[in-house]
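What's counted below: heavy atoms across the whole structure, side chains too, no hydrogens, waters or symmetry copies. Protein chains get the first letters and strands the later ones, always in sequence-line order, with residue 1 at the start of each.
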Protein chains: 2
Amino acid sequence: MSSNEPYPGTQAVLRALTLLKTFTDEKPELNLIELAQAVDLNKTTAYRLLTALESEGLITRASESDAYRLGPEAIALGGRAVRANNLHKVCRPELERLAAQTKETATIEVLSDAQSLTLDEISGSYVVGVSRYIGTRWPLHATSTGKILLAYLPPVALDALLVAPLTAYTPHTITSLTALRQELATVCEQGYAIGNEELEIGFISVGAPIRDHNGAVVAAIGVGGSSARLREEIVFELIDPVKSAARRISEQLGYRELIEK
Amino acid sequence: MSSNEPYPGTQAVLRALTLLKTFTDEKPELNLIELAQAVDLNKTTAYRLLTALESEGLITRASESDAYRLGPEAIALGGRAVRANNLHKVCRPELERLAAQTKETATIEVLSDAQSLTLDEISGSYVVGVSRYIGTRWPLHATSTGKILLAYLPPVALDALLVAPLTAYTPHTITSLTALRQELATVCEQGYAIGNEELEIGFISVGAPIRDHNGAVVAAIGVGGSSARLREEIVFELIDPVKSAARRISEQLGYRELIEK
DNA sequence: TAATATATTTCATATTATGAAATGACGTTT
DNA sequence: AAACGTCATTTCATAATATGAAATATATTA
């Protein structure tokens with residue numbers, strides 16, 4: 001079977017899932033017509049699928065307007081998905097330790113869909129809000145953890161992901177493919193990556209690779225915060241804690257560092 | 001249309017969603033046969049639906065075994081659902097309902113800056129003015145909602161907030177730290193708090209905890225009014241409505257009460 | 001090597017999803 | 001108050017699509 005032909009007999013399900021994915025942070029509430037247009041479905045069909053999704057709690061409707069939005073069951077599902085990931089279990093205590101130690105926000109990220117997906121997050125003591133970014137995806141070339149995830153990729157996989165143009169989020173974003181490859185080489189050599197206001201002005205972070213028992217890099221751990229606090233010499237103080245946390249997690253995943261040089 | 005007959009033309013979608021819900025914290029990894037049996041589906045049908053879910057990233061398979069588990073897209077979906085269902089949106093209709101039902105004034109409050117901050121308010125029919133207190137902060141130890149917010153705090157955080165002296169606003173205000181700790185224990189046990197003219201003579205209220213998808217208490221909901229109306233037996237009639245409203249809001253935030261005893 | 005257990009594919013069939021059109025609900029304009 | 005507009009919802013004839021029994025592939029165990 002060709003790899004991206006839809007599996008036969010799944011049209012309705014695929015359409016329903018596409019509807020679910022239409023809800024974004026930018027447009028979290030949509031009405032029937034908007035949804036039908038966005039996914040190019042007949043209004044009636046969209047309505048029927050939405051009714052099914054609603055009956056199972058995956059979407060709800062604002063009581064006043066009758067706009068649809070993602071529902072409680074989606075939240076519960078996401079929670080179960082996070083907890084099912086055993087990476088999450090192992091990383092939790094290390095994230096807490098890292099956040100406590102540095103007073104900055106610590107996250108673990110995995111590669112998902114050519115982006116960096118935040119699996120878990122602990123806010124540093126400077127921030128009140130909790131886990132605002134779990135489940136969010138970030139561009140790989142503009143974050144410290146993203147660069148980690150890229151840097152250790154096998155060449156073929158890397159080539160597939162490194163395609164121009166690289167969106168410039170700030171004046172610091174690396175936008176040239178050669179410059180990025182250069183940076184990734186440095187990252188590999190150092191064993192950590194720094195994200196210096198490349199995604200957002202005012203945000204600086206440090207990331208390090210998490211390896212499984214085969215030595216494959218399966219995730220990245222990072223800490224970051226406001227550039228107002230993290231002046232250059234302070235950023236450097238984050239490197240060791242992050243690398244140590246990454247090493248301890250990797251060890252728990254069965255990774256044994258090679259002794260030789 | 002009868003209310004719990006499935007909407008026609010949605011069999012496949014409903015079956016797919018049922019499959020998704022089969023993954024739990026206790027059994028986060030399932031193989032084809034287990035899944036098919038659990039939801040009483042033909043093996044082939046289950047397989048086809050799973051393939052569709054997998055192709056959209058809602059489920060993945062452990063690379064070694066070929067067991068299914070919830071995938072990254074489920075995490076991403078959950079994240080978006082959390083952000084789309086903020087407290088304010090979810091609470092609004094429940095506040096209105098509570099105010100209509102009890103004819104008293106209903107509010108939601110969150111912890112902010114060692115005080116209880118009124119996020120939203122709906123006046124009951126007995127009160128003339130409307131939402132006079134949105135954005136106001138109240139002492140934690142002298143209100144029903146404040147005591148709720150304290151009662152479920154982790155010990156360390158509680159210790160940081162419980163510092164003498166506790167200002168006496170009325171003769172009923174709890175001013176001893178030990179008495180307050182005692183009261184908070186009772187509140188936890190009961191699942192509601194009563195504020196009996198502790199902030200202001202003539203004002204009585206009942207509060208209950210609102211939990212997010214992690215089970216953490218993130219807000220409190222309360223109703224209250226004049227002690228002239230709310231004689232003891234009437235106050236007790238508020239408890240159930242408030243607790244129910246809190247429970248419904250929590251459910252919408254993705255909280256799933258534990259089933260076990 | 002055979003046997004077992006599981007995943008995957010095939011394919012004829014009719015059940016089920018589909019969408020055009022009609023209707024309903026509700027607010028806004030004339 | 002009537003006419004209009006917008007959007008959600010229902011109806012229903014039709015065929016496209018989901019279905020499941022059976023066959024096959026793949027891996028693991030005896």
Checklist entry - Does a sphere of radius 6.0 Å around CG in B/D40 hold more than 12 heavy atoms from other residues, nucleotides or ligands, not counting ones at 6.0 Å or beyond? => result no
Item to check | Any donor-acceptor N/O pair under 3.5 Å between D/dT9 base and A/K43 side chain | outcome: yes
Checklist outcome for this item: Closest non-hydrogen contact found for A/I75 with B/A81 is CG1-CB, 3.5 Å
Item to check | Any A/R48 side-chain N or O less than 4.0 Å from OP1/OP2 of C/dA17 | outcome: no
Next on the checklist: Nearest to the side chain of B/R15, heavy atoms from C-beta on, is which of C/dA17, C/dT8, D/dG20?
Outcome noted: D/dG20
Next on the checklist: Does a side-chain N or O of B/Q11 approach OP1 or OP2 of D/dT19 to a distance below 4.0 Å, or not?
Outcome noted: yes
Checklist entry - Ignoring hydrogens and angles, are the base of D/dA21 and the side chain of B/T44 linked by a donor-acceptor pair under 3.5 Å? => result yes
Checklist entry - Regarding B/R247 and the six-membered ring of B/Y255, is the cationic atom NZ or CZ under 6.0 Å from the ring centre and inside 45° of its axis? => result no
Checklist entry - The side chain of A/R61 lies closest to which of these nucleotides: C/dT9, D/dA8, D/dT17? => result D/dA8
Checklist entry - Looking only at side chains, do B/R69 and B/T60 share a donor and an acceptor under 3.5 Å apart? => result no
Checklist entry - How close or far is atom C1' of C/dT6 from atom CG of B/N42, stated in whole angstroms? => result 15 Å
Checklist entry - Reckon B/T10 touches a base, only the sugar-phosphate, or nothing at all at heavy-atom distances under 4.0 Å? => result sugar-phosphate
Item to check | Below 4.0 Å: OP1/OP2 of D/dT10 and any side-chain N or O of B/Y7 | outcome: yes
Checklist entry - For A/N31 and A/A12, take the nucleotide of DNA chain D holding the closest heavy atom to each; which residue's nucleotide lies nearer the 5' end? => result A/N31
Checklist entry - Using a cut-off of 4.0 Å on non-hydrogen atoms, how would the nucleic acid contact of B/I33 be classed: base, sugar-phosphate, or nothing? => result sugar-phosphate
Checklist entry - Under 4.0 Å: is that the gap between some side-chain N or O of B/Y47 and OP1 or OP2 of C/dT8? => result yes
